[in-house]
Each structure stands twice: as structure tokens, then as C-alpha cells.
Amino acid sequence: MPEAGAPNERWQVAGTSLTSRFLLGTAGYPSPQVLGEAIAASGAEVVTVGLKRALAAGGDNGFVAIVRAAVQQQGARLLPNTAGCRTAREAVQLAYMARELYDTPWLKLEVVGDEHTLQPDPFELLQAAQQLVRDGFVVWPYCTDDLVLCRRLLDVGCPVLMPWGAPIGSGQGLLNPFALRSLRERLPDATLIVDAGIGAPSHAAQALELGFDAVLLNSAVAQARDPVRMAAAFRAAVQAGRAAWQAGVMARQDFAVPSTQVGGAPLLIGGAA
């Protein structure tokens with residue numbers, strides 16, 4: 001049995017076995033070389049790519065080819081996403097294009113309902129997820145931390161949920177730890193991945209300490225002064241957070257609890273007299 005939090009500890013999504021609990025995005029890196037090095041340093045086995053961005057960059061002759069090469073070198077899997085979609089119909093159409101282009105049924109489903117916060121639209125998201133699951137996709141929905149919505153997404157057949165920690169690209173960390181903790185407690189058998197808003201390795205560690213199965217992020221690595229070193233830092237933080245969850249993080253108290261007994265039986269130093 002692997003040591004708690006060890007790199008070779010395995011988990012599964014839709015029957016696919018994974019070891020890394022750090023999923024990485026591919027947008028905004030200073031160069032293709034830095035992107036490839038960051039993927040390698042992260043140890044990520046799942047790498048996301050936006051289809052709209054890929055098509056804008058020229059399909060397989062541009063951005064897609066760069067990402068494919070970096071992912072193949074690492075031995076990772078591509079997770080196409082529908083970033084930029086505003087309706088279920090648009091997301092479904094883009095999903096079919098992604099499956100044809102990348103030859104994978106995996107899909108990170110994004111349907112945004114607010115231009116300011118980029119918050120997912122729960123109604124359009126659920127509608128799209130239901131249709132895509134029925135059509136054979138393995139749907140990874142980017143959603144809010146709303147318990148009822150998460151239950152509905154599980155009910156329609158999503159094998160994993162990806163609630164946000166904060167608005168996309170904000171770097172604010174986990175704004176509502178209570179809601180995330182409640183999701184983990186109320187959905188003990190669900191695969192939960194914090195997606196969006198993570199800005200520092202400590203945020204990723206916190207998510208894993210809460211019992212989440214993994215984290216997905218992009219901007220925190222791509223926009224770092226040294227993306228490759230930052231990717232390695234997140235990798236270590238994720239492993240530490242997972243180990244802490246399995247070890248059992250101590251309960252918080254509203255009062256002081258002395259770690260050394262100061263009353264009662266005498267404390268002997270240096271052995272018996």
C-alpha cells in the first residue's frame with residue numbers, strides 16, 4: 001500500500017486510473033517551450049485545452065500541434081474544454097468538434113452565465129451535461145459550489161464535479177471553504193476537483209486538505225515569473241495537502257489548548273532521580 005499522499009497513490013475518473021492530482025491548463029504561457037517544461041515539472045496527467053483558442057490559432061497547424069507535442073512528451077491525456085460558451089446549444093456543438101479533433105470523449109464542460117464573474121450558468125450547464133452524457137461524452141462540468149446543482153449533475157451521469165474556488169483567473173483562492181467542505185461531506189463518494197481561482201500553492205494544499213481529489217488551474221502557473229518552478233511548487237503542495245488530509249488535520253478550537261501539561265502529575269526531565 002502506497003504511503004499517504006505519495007506520488008504513486010492512484011485515483012480514478014470514469015475507469016481511468018491516474019496518479020497526479022494536479023491538472024494543468026495550457027493558455028497564456030510565454031512560449032511553447034515553457035509550456036512543455038511546465039507540464040513536465042507539474043507531473044500532470046490531465047492537461048486542458050480550449051477548443052475556441054485552438055481554432056483561433058489555426059487548428060492542428062498551430063496551437064493544437066504545440067499542445068499535443070507537450071502532452072505526448074509527458075504521457076498525459078488531453079481534456080478539451082468549452083471555454084467561452086454561453087448556451088447549452090453552443091457548448092454541445094463545440095463538444096462534438098472537440099471529440100472529432102482530439103479523438104477523446106473527455107470534455108470539460110463550461111457554460112458561462114455572467115460576463116463579470118464568469119460564473120457558470122447552472123441551467124444551461126445542466127441541460128448541456130444531460131445531453132452530452134447521453135451522447136457518450138465523459139463530462140467534467142465546471143460548476144459553482146451549490147450542493148443542489150452538484151447533485152443534479154451527478155444524477156445525469158457526470159463522473160466528476162469541478163466546483164470553483166473563486167472567479168476564473170482571479171487568484172483569490174478558496175473564497176467559501178464552508179461550502180466546499182459541505183460538498184465533500186455531503187457527497188462523500190463523488191470525485192471532486194477544485195477548478196478556478198487558485199493563485200498560490202497554499203490554496204491548492206488547502207483544497208486537498210479539505211478532502212478534494214484534485215485541483216485544476218492555469219493562470220497561477222502561466223502568469224508566474226517562473227512558470228516551470230511554480231508548476232513544481234504546486235506539485236509539491238498538492239502532494240502535501242493530500243498527505244495532510246489522509247493523516248487527519250486537527251480540529252480547530254475557539255480557545256487555547258496547551259500542548260504540554262502544566263498541572264497535575266509532575267513532569268520529570270532527564271529520567272528518574
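In this text the structure is predicted, and so the values were computed from the model without any measurement.
In this structure, K108 and P80 have side chains that are not in contact, with every pair of non-hydrogen atoms separated by 4.5 Å or more. Proximity of L23 to T48: side-chain heavy atoms (C-beta onward) are nowhere separated by under 4.5 Å. Put simply, the side chain of T26 reaches to within 4.5 Å of the side chain of V47, judged on heavy atoms. Under the 4.5 Å side-chain criterion, counting only non-hydrogen atoms from C-beta, Q12 is not in contact with P159. Counting heavy atoms from C-beta on, the side chains of V49 and N81 never come closer than 4.5 Å. The shortest distance between side-chain heavy atoms of L107 and P105 does not fall below 4.5 Å. Taking the side chain as every heavy atom from C-beta outward, I39 and L24 approach each other to under 4.5 Å. Using a 4.5 Å heavy-atom threshold, the side chains of F123 and V111 count as separate.
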Checklist line | Trace of the side chain to side chain contact (heavy atoms under 4.5 Å, CB included) decision for L125 with L109 | finding: CA-CA 8 Å; L125 179 69; L109 179 61; 3.7 Å; yes
Checklist line | Derivation and outcome, side chain to side chain contact (heavy atoms under 4.5 Å, CB included), residues F212 and V238 | finding: CA-CA 10 Å; F212 278 72; V238 167; over 6 Å; no
Notebook entry, point to check: What do the steps show when you test L216 against V194 for side chain to side chain contact (heavy atoms under 4.5 Å, CB included), and what is the final call?
Noted result: CA-CA 6 Å; L216 190 157; V194 170; over 6 Å; no
Note to self: Evaluate L94 against V92 for side chain to side chain contact (heavy atoms under 4.5 Å, CB included), listing each step before the verdict.
What the structure shows: CA-CA 5 Å; L94 199 61; V92 169; over 6 Å; no
Next item on the list: For R10 and S17, run side chain to side chain donor-acceptor pair (under 3.5 Å): C-alpha distance rounded to whole Å, both residues' side-chain angles, the deciding distance at 0.1 Å, then the answer.
Entry: CA-CA 6 Å; R10 307 196 72 82; S17 183; 2.5 Å; yes
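Put simply, CH2 on W140 and CE on M162 are 6.5 Å apart, with the number rounded to the nearest 0.5 Å. Note: L174 CG to Q172 CD = 11.0 Å, rounded to the nearest 0.5 Å. Here the straight-line distance linking atom CG of L51 with atom CZ of R99 works out to 13.0 Å at 0.5 Å rounding. In this structure, the separation between CG on N176 and CZ on R181 is 9.5 Å, given to the nearest 0.5 Å. Put simply, OG on S170 and CD1 on I198 are 10.0 Å apart, with the number rounded to the nearest 0.5 Å. For the atom pair C150 SG and L161 CG, the distance stands at 5.0 Å (nearest 0.5 Å).
Between the R184 side chain and the A190 main chain, a donor and an acceptor come within less than 3.5 Å of each other. D114 places no side-chain N or O within 3.5 Å of a backbone atom of Q119 that could act as its donor or acceptor partner. Side-chain atoms of D213 come within 3.5 Å of backbone N or O of L192 as a donor-acceptor pair. A side-chain donor-acceptor contact under 3.5 Å links T82 to the backbone of E110. Remark: side-chain polar atoms of W11 are paired, donor with acceptor, to backbone N or O of S20 under 3.5 angstrom. Of the possible donor and acceptor atoms, one in the side chain of E90 sits under 3.5 Å from a partner among the backbone N and O of R86. Checking side-chain atoms of S182 against main-chain N and O of F178 turns up a donor-acceptor pair under 3.5 Å.
When the side chains of ILVMFWY residues are joined at heavy-atom separations under 4.5 Å, either directly or via intervening members, V13 and V139 end up in two distinct hydrophobic clusters. In the hydrophobic clustering of ILVMFWY residues, with side-chain heavy atoms under 4.5 Å counting as a link, L78 and L18 come out apart. Hydrophobic clustering (side-chain heavy atoms under 4.5 Å, transitive across Ile, Leu, Val, Met, Phe, Trp, Tyr) groups I193 together with V138. Hydrophobic clustering, with ILVMFWY side chains joined whenever heavy atoms are under 4.5 angstrom apart, groups L187 together with L208. In the hydrophobic cluster analysis, where Ile, Leu, Val, Met, Phe, Trp and Tyr join through side-chain heavy atoms closer than 4.5 angstrom, F234 is grouped together with L210.
Residue A231 comes nearest to F22 through the heavy atom pair O-CE2, 3.5 Å, listed as atom of the first residue, atom of the second, then distance. Heavy-atom minimum distance, E209 versus A244: CG-CB, 3.9 Å. The shortest non-hydrogen separation linking V133 to V156 is CG1-O, 3.2 Å. Nearest approach of P227 to A224, heavy atoms of both residues: CD-O, 3.6 Å. For the residue pair H203 and G173, the shortest heavy atom distance occurs at ND1-CA, 3.4 Å.
Environment of CD in E100: sparse, with no more than 12 heavy atoms of neighbouring residues, nucleotides or ligands closer than 6.0 Å. No more than 12 heavy-atom neighbours from other residues, nucleotides or ligands sit within 6.0 angstrom of CZ on R152.
Using modelled atom types and a 3.5 Å distance limit, the side chains of D135 and Y96 yield a donor-acceptor pair. A donor-acceptor contact closer than 3.5 angstrom links the side chains of Q33 and E37. There is no side-chain donor-acceptor pair under 3.5 Å between Q239 and E9. Looking only at atom types and distance, the side chain of T19 has a donor-acceptor partner in the side chain of E45 under 3.5 Å away.
The aromatic rings of Y142 and W164 sit perpendicular, their planes meeting at an angle over 60°, well past the 30° parallel limit.
Of the options L149, L153, V148, a side chain to side chain contact (heavy atoms under 4.5 Å, CB included) to P122 is made by L149 and by none of the others.
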